[in-house]
Amino acid sequence: MIDLTIAQTNQGLKEGKFSATELTQAYLDRIDQTDDKLHSYITITKDLALEQAKKVDEAGDFSSPLSGIPMNLKDVVCTSGIKTTACSKILENFVPPYNAHVYDRLLDAGAILLGKTNTDEFTHGSSTEHSYFGVTKNPWNTEYVSGGSSGGPAASVAADQCAFSIGTDTGGSIRQPASLCSCVGLKVTYGRVPRYGVMSYGSSFDTIGPFAKTVEDAAIVLKAIAGKSEKDATTPDVPVPNYTDFLKEDLKGVTIGIPKEYYGEGVEQETADVINEGIDVLKKLGAEVIDISLSLTKYAIPTYYLLAKSEASTNLARYDGIKYGHTTDDAKELEEIYMKSRQEGFGDEVKRAIMIGTYALSAGYYDAFYLKAAKVRALMKKEFEDAFAKCDALITPTSPFPAFKIGEKADDPLAMYMADVLTVPINLAGVCAMSIPGGFSKDGLPIGMQIIANQYKEENLFHVGHAFEKATEWHAKKPNL
Ligand code: GLN
């Protein structure tokens, strides 16, 4: 049961081959058997899951494709009455009083919550090594990282510990771990999914999207969570299409751009070779392939880290030891409470964000850093617009290299930031992208293919991704646990 896709599971439930309760129990057993090795889950909501499943079985209505489908949420998505920690000591025991809008939409669709999954603290990172609760390991080789920040969601989907998961992507946190663990990870257009109730990293970058076993499954989940929300003013009233209508098996009439800057310096040859083989598959499916140049790519890392950490430094200001979370035992007056609670509650990478961001925003440096980076961002956005005047989608590797060893980059923040070199430009431009299984390294580690499309063109991602998936076997390979 647990290796079925959402579409197949829905069919099984409709035909009465198994009940939602049996299905939920099977996933809970799987978590039980494998999570000691992986550590994807921070909280397992067993009783709630079985209760939700029972209700679905009693109602017996499987007309919604997500009815009775077990999932998990990254632990920055607020769930009323259930601990939501951001994997930070500062929120170690935080229980939100309300649900994120995305969780409410999934509940309305009939989905079942198995638990909350691991992330780098407040989603800052690319390896899940910055989680206060410890690293999530890669299901393909547990000496390697699962990627990040959504390491828990990615590993849990790749290891069949859920049918799908919801993560967040500010600079690559859905696509990069999906690439490192071999599953589908979708970073939507900025504004496509409401952010209400999801803890912020950088508010002008943050997006919410699914991890799934197939492209079709990602399309099904997106349909349930996308669209305007009264609770999030950054969600415009753009219609939500039936994304599954775009799942075709050939690419006739589709133009695909190859931005050469995404295959150059810093990208491992083996990774580039795997993606180039993938491009040959797309050609065989009928796509026209053209060369594109995105010449500003080299500025993406400094531009992103300046802007995102600046936004983060203001978003993290709310954790003051009084309104939420951890309060120091060791302070006599107000200012000391703020300082000591934050000093004790935040980990290194989050402190780094606060320092970089506060510095870049300070009066004397604002023009030199923040404003300049904001201008570069506008130029990068324009460069993507020009590219999408010529093609329907771009194809690149998702990550410059496959999973790295746990500890390998932990003490070198700049080396860690380079893991995002191929994903952050997409968040700077606000367009959409998806990572799909694209192949494996000679050491048996997954390599993801990134498909990028213009704003509100998620259907192009699904079209290209589905056709590639149907023509290859990579998505069907499973880790041995
Ligand atoms: N690794 C990147 C960062 O630390 C991206 C994180 C994310 O997308 N949340 O900023």
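Whatever order the structure lists them in is the order used to number ligands and atoms, beginning at 1. Hydrogens, waters and symmetry mates are skipped; everything else that's a heavy atom, side chains included, is used. Numbering starts at 1 and runs along the sequence shown.
- Those atoms of ligand 1 that come under 4.0 Å of a heavy atom in Thr123, given as number and element, are 6 (C), 7 (C), 9 (N).
- For an aromatic pair to be called close, the ring centres must be under 6.0 Å apart, and Tyr359 with Tyr365 satisfies this.
- Heavy-atom minimum distance, Cys432 versus Lys457: SG-C, 4.0 Å.
- Looking only at heavy atoms of the protein, atom 7 (C) of ligand 1 is closest to Ser173 OG, 2.4 Å.
- For ligand 1, the polar-atom distance check against Ser126 finds a nitrogen or oxygen pair separated by under 3.5 Å.
- By the criterion of a heavy-atom distance under 4.0 Å, neither the backbone nor the side chain of Tyr417 is placed next to ligand 1.
- Look at Phe205 and you'll find every heavy atom at least 4.0 Å from all atoms of ligand 1.
- Screening Leu296, Leu428, Leu379, Val424 against Thr303 for a side-chain contact (heavy atoms from CB on, under 4.5 Å) leaves a single residue, Leu428.
- Counting only heavy atoms of the protein, atom 4 (O) of ligand 1 lies nearest to Gly125 N, 3.0 Å.
- Here Phe468 and Trp474 keep their ring centres 6.0 angstrom or further from each other.
- In summary, the atoms of ligand 1 found under 4.0 Å from a heavy atom of His124, numbered by their order in the structure, are 4 (O).
- Listed here is the closest heavy atom pair of Ser399 and Leu422: C-CD1, 3.8 Å.
- Atoms of ligand 1 lying under 4.0 Å from at least one heavy atom of Ser149, given by number and element, are 9 (N).
- Aromatic rings from Tyr417 and Tyr305 are positioned such that their centres are separated by under 6.0 Å.
- Atom 2 (C) of ligand 1 has as its closest protein heavy atom Asp420 OD2, 3.1 Å.
- Using cut-offs of 30° and 60° for the angle between ring planes, the Phe122 and Tyr319 rings count as tilted.
- Heavy-atom contacts of Gly171 reach the following atoms of ligand 1: 5 (C), 7 (C), 8 (O) (cutoff under 4.0 Å).
- The shortest N or O to N or O distance between Asp169 and ligand 1 is not under 3.5 Å.
- Residues passing the side chain to side chain donor-acceptor pair (under 3.5 Å) test with Asn460, sequence neighbours excluded: none.
- Shortest contact from atom 5 (C) of ligand 1 to any protein heavy atom: Tyr304 OH, 3.5 Å.
- Ring orientation note: the planes of Phe205 and Tyr304 are nearly perpendicular, at an angle over 60° on the 30°/60° scale.
- For atom 10 (O) of ligand 1, the closest non-hydrogen atom of the protein is Tyr201 OH, 2.5 Å.
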